[in-house]
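Quick notes on the structure that follows.
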There are 2 protein chains.
Amino acid sequence: MLTKQQLEQYCVEATQTYLNHISIDCVVFGFHEGQMKVLMLKANMEEAWYLPGGFVLKQEPIDNAADRILKERTGIDEIFLQQFHVFGHPDRSKIHNEMYKGMLPDELNFFNKRFISIGYYALVDFFNVNPAPDDFSEICTWRDLNDLPEFELDHELIFKTALDTLRLQLNYQPIGYNLMPKEFTMPELQKLYETILDKKLDRRNFQRRMLGFGILNKLETTRKGGAHKAPYLYSFDLENYQAALKQGLKSGW
Amino acid sequence: MLTKQQLEQYCVEATQTYLNHISIDCVVFGFHEGQMKVLMLKANMEEAWYLPGGFVLKQEPIDNAADRILKERTGIDEIFLQQFHVFGHPDRSKIHNEMYKGMLPDELNFFNKRFISIGYYALVDFFNVNPAPDDFSEICTWRDLNDLPEFELDHELIFKTALDTLRLQLNYQPIGYNLMPKEFTMPELQKLYETILDKKLDRRNFQRRMLGFGILNKLETTRKGGAHKAPYLYSFDLENYQAALKQGLKSGW
DNA sequence: CTGCATGGTGTAATTGGTACACAATTGTAA
DNA sequence: TTACAATTGTGTACCAATTACACCATGCAG
């Protein structure tokens, strides 16, 4: 929670250091215990949830800005990030945090401007993330895709657009390297796909199709401990994976 | 060609009416005589070509801004427009037109800022367009995709990204309604696809695939006049076309 | 040891895409 | 008038990918 003085100083500095009218919002997807997760923040003192975001330094490439913002929230350095849409309706711009409304005259309040927000989505390994709140929030945590709180502002639209984009990209790009641990089983990978797509897939066909892409290495070991047959472990063949990212999985026309 | 005084007035007004730091650039595709075309502008007094673009009014949704800008360049009202990428590297921001550099002190020069540009691509019917230059150009005209001039700034990157996006979308979306005249023959439509993809397609397989999408109406009439067998005319089934736009042509997973 | 849930592999049927062949139409040149 | 070249309309055999399903293997519970 910022005092009025702190907020005032923040606004003065922000106006000087950041590009005005431009913000970045990130949809950070993680995967844990068979569930898809999104990183979210809860505002100070109120039940208001929003997506991690921030601003662009005056001489900073926008991709770097997204990297920087997410490093602050997750501690991770090299994140798989993809710009997916720009949200630019004038009505979307409200104060990030209603609590600070009225504490400053409008002309001094950096947040009380129209912001055009560039949406990025990120895929990260759940276990590498150390969620850290920002100056305006008290909680930064994973939320389950099946149990999301209400979003502030237009963040629900941003989230849904990100998810739609992710689903579409599943059709022509490999996915998982950034979401799975180094070693994983085929059922675990399938669970990821099923969660993203929100539908059941055939176990056997999934396996053949995945292997057909040629982006997986089958390891010697198996995962013991379950109450059933021990599945083989796989890892991604990074070279082929990168190549598939570039060329796409299907040629189409 | 603007005088120093006109430029100064333009800059003062622009700073007041437009969002600073944000611009829009458009890649307008047309199709004529079997050739893919892009709408381009040539600067006053020099051989400098760039894409049509403009700025966002302070209270204007960005999609409307793109509509407005393209209406000024083409005369067309309802254009098929799609946001496809944001170009936000700080080095991309130079003065739109080098000629005006130095005519004004930097702090007054609206153009001498960093601009983050939202890229839109448009598909239009060639015959509906009345190309009109803007204040900083003397020519607005179609350029053949096979015979493009050098682009100013990062407009070549913007153009190529738009073309790549268009090619990708060909795999899961119908196209052509906005590029073809009301009635057209199958070979004409095929030529459009071949031009976009820059590759030959099999005549017979193309026909079957297209008809399989269920977005075409076969008309009774044929196109006479050619030196050969008269081909049937087709039109788009707008209802199915719109549905296909939404759902995508292939289900994927 | 047996039952059961899960994982690994195989295979037939269907669908979709590719590569052709051949007939029909139209204007032109002989 | 006729033969021909160029182009369009339609069909079909073949291969690849996807789908649906069967069967066996493994590992723990009882």
Side-chain angles (χ1 to χ4, degrees), chain A residues 33-34 167 170-174 176 180-181 183-195 197 199-235 244 247-253, chain B residues 33-34 167 170-174 176 180-181 183-195 197 199-235 244 247-253:
Chain A
E33 289 181 348
R167 284 180 179 157
L170 230 49
N171 289 325
Y172 53 90
Q173 282 196 343
M180 302 296 286
E183 302 185 347
F184 51 89
T185 67
M186 197 59 84
E188 284 165 0
L189 184 61
Q190 182 180 341
K191 187 77 188 165
L192 169 65
Y193 272 76
E194 289 182 339
T195 308
L197 295 167
K199 80 164 90 157
K200 287 275 165 211
L201 300 174
D202 184 282
R203 189 169 61 85
R204 297 145 286 194
N205 297 332
F206 178 83
Q207 173 139 347
R208 188 179 10 207
R209 193 159 165 185
M210 264 298 155
L211 292 176
F213 291 154
I215 58 173
L216 293 180
N217 292 321
K218 186 172 186 172
L219 307 179
E220 295 301 316
T221 49
T222 54
R223 169 155 299 169
K224 300 268 180 180
H228 311 289
K229 176 169 181 176
Y232 283 99
L233 286 171
Y234 292 86
S235 68
Q247 299 163 16
L249 291 173
K250 297 179 181 181
S251 57
W253 286 91
Chain B
E33 288 181 351
R167 284 180 179 159
L170 229 49
N171 289 325
Y172 54 90
Q173 284 197 340
M180 303 294 288
E183 302 185 347
F184 51 90
T185 67
M186 197 58 83
E188 285 165 359
L189 184 61
Q190 181 180 342
K191 186 78 188 164
L192 170 65
Y193 272 76
E194 290 182 337
T195 308
L197 295 167
K199 80 164 92 159
K200 288 274 165 210
L201 299 174
D202 184 283
R203 188 171 62 83
R204 297 147 283 191
N205 296 334
F206 177 83
Q207 173 139 346
R208 189 179 12 202
R209 194 159 164 182
M210 264 300 156
L211 292 176
F213 292 153
I215 57 173
L216 292 180
N217 293 319
K218 187 171 185 172
L219 307 179
E220 296 301 316
T221 48
T222 54
R223 169 156 300 167
K224 300 268 182 181
H228 310 290
K229 175 168 181 177
Y232 283 100
L233 286 170
Y234 292 85
S235 67
Q247 298 163 17
L249 292 173
K250 297 178 182 182
S251 55
W253 285 91

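What you see is a predicted model; the values in this text were computed from it and never measured. To find a chain, count down the sequence lines: A is the first, B the second, and so on, and within it residues start at 1.
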Item to complete: List the atom of B:M210, the atom of B:L189, and the distance in Å for their closest heavy-atom pair.
Response: SD-CD2, 3.9 Å

Practice prompt. Evaluate side chain to side chain contact (heavy atoms under 4.5 Å, CB included) for A:N171 paired with B:N171, printing each intermediate quantity in order.
Written response: CA-CA 10 Å; A:N171 289 325; B:N171 289 325; over 6 Å; no

Worksheet item: Considering all heavy atoms of both residues, which atom of A:T195 and which atom of A:G34 are nearest to each other, and what is their separation?
Response: OG1-O, 3.7 Å

Item to complete: Give a yes/no on whether any side-chain N or O of B:K200 is located under 4.0 angstrom from OP1 or OP2 of C:dT18.
Response: no

Practice prompt. Kindly point out which of C:dG7, D:dG9, C:dT9 is positioned nearest to the side chain of A:Q207?
Written response: C:dT9

Item to complete: Nearest whole angstrom, please: distance from the C1' of C:dG17 to the CE of B:M210.
Response: 15 Å

Worksheet item: Roughly how many Å is it from CZ in B:R209 to P in C:dA19, rounded to a whole number?
Response: 12 Å

Item to complete: Round to a whole Å and report the spacing from CG of A:N171 to P of D:dA17.
Response: 17 Å

Worksheet item: Can you tell me how far C1' of C:dT6 sits from NZ of A:K191, to the nearest Å?
Response: 14 Å

Worksheet item: Counting only N and O atoms by type, is there a donor-acceptor contact under 3.5 Å from the side chain of A:Q190 to the main-chain atoms of A:Q207?
Response: no

Worksheet item: Which whole-number value in Å describes the distance from A:E188 CD to C:dG8 P?
Response: 11 Å

Fill in: End axis versus end axis in the helix from C:dC1-D:dG30 to C:dA30-D:dT1, the angle rounded to 10°, five pairs used at each terminus
20°

Item to complete: May I ask you to test the B:M186-B:L211 pair for a side-chain heavy-atom distance under 4.5 Å?
Response: yes

Worksheet item: Separation of B:Y234 atom OH from D:dT8 atom P, in whole Å?
Response: 12 Å

Practice prompt. Can you sort out the partners of B:Y193 under ring-ring contact (aromatic ring centres under 6.0 Å, His included), two or more places apart, ordered by chain and number?
Written response: A:W253, B:F206

Item to complete: Classify every nucleotide of nucleotides 20-30 of chain C by which part a protein heavy atom approaches to under 4.0 Å, writing B for the base, S for the sugar-phosphate alone and - for neither, in 5'-to-3' order.
Response: BB--BBBS---

Item to complete: Write down the atom of B:L233, the atom of B:E183, and the distance for their closest heavy-atom approach.
Response: CD1-OE1, 3.6 Å

Response to the item:
When every non-hydrogen atom of A:L219 is compared with those of A:S235, the smallest separation belongs to CD2-OG, 3.9 Å

Worksheet item: Does the side chain of B:I215 come within less than 4.5 Å of B:Y234's, by heavy atoms?
Response: no

Practice prompt. Starting at atom CD of A:Q190, determine the distance to atom P of C:dG8, rounded to an integer number of angstrom.
Written response: 11 Å

